[in-house]
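For ligands, and for the atoms within them, numbers begin at 1 and follow the listed sequence. All residue numbers in this chain count up from 1 along the given sequence.
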Amino acid sequence: MIQIMITKDVFETYTYFYVDKKTNHGFLIDPGAQADRILTYIAKKSWIIEKILLTHGHFDHTGAVDSIHRSLNIPYLIHENGKKYLEDVQWNLSAYCKRNVVLKEAEYLSDRDEIALEVNKDFSLKTIYTPGHTSDSVAFYSQKDKVAFVGDTIFKGTIGSTQYVGSNVQDLQNSIAKRIFRLPSEVTLYPGHSPSTTLA
Ligand SMILES: [Zn+2]
């Protein structure tokens, strides 16, 4: 089950809850802002969120991470190239918006890592490394549910921007052509700043 919450501080970001209906356990993807609102929603639903997953380290995807990580005592995971984004306010862009988002307790992911729920190993997401928008961008893909959380790599009707430190337009084109477009055509994509779309 996927639930969407549009969180807002400086920017609006699509925050996703990906929850296993059988166990009520799940993952929280890109909590961009409004930690209290997210925590209240999780409590109301009686979900057990096991992990926070980050598609990349820009602050509009991570602004609520520290509060939620502490409140729920759960880890947050990002691609191994995400360390410099999480720890550097220029790289994660928070410095340019008069914010100071610094995260130092991440756990790190590699391409093709499988992230499964503790209580149900069949409920999992695979990490697909998709650099370009940032050098730490990933998608989280479920073959079983035919969904992918793609961050800012691709949106409904357009592709991610490459104007930031760590961006690379050639990498973005390769990531989309060689990783995203090779997923089955019926997969639904859930981007960081637009409604869902399909590969088809
Ligand atoms: Zn971004």
Hey, is there an N, O or S on His56 sitting under 2.8 Å from the Zn ion (ligand 1)?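 Yes, His56 qualifies, because one of its backbone or side-chain N, O or S atoms lies under 2.8 Å.
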
Check whether any N, O or S atom of Asp60 sits under 2.8 Å from the Zn ion (ligand 1).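 Short answer: no, not a single N, O or S atom is under the cut-off.
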
Only to 10 degrees, please: what angle do the OD2 atom of Asp152 and the ND1 atom of His58 make about the Zn ion (ligand 1)?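 So the angle at the metal works out to 170°.
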
Going from [atom1] on [X] to [atom2] on [Y], what distance comes out if it is rounded to the nearest 0.5 angstrom?
| X | Y | atom1 | atom2 | result |
| --- | --- | --- | --- | --- |
| Leu54 | Leu77 | CG | CG | 8.0 Å |
| Asp20 | Ile48 | CG | CD1 | 12.0 Å |
| Arg112 | Tyr129 | CZ | OH | 13.0 Å |

Would you say the rings of His58 and Tyr164 are close, in the sense that their centroids are separated by under 6.0 Å?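 They qualify: ring centres under 6.0 Å apart.
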
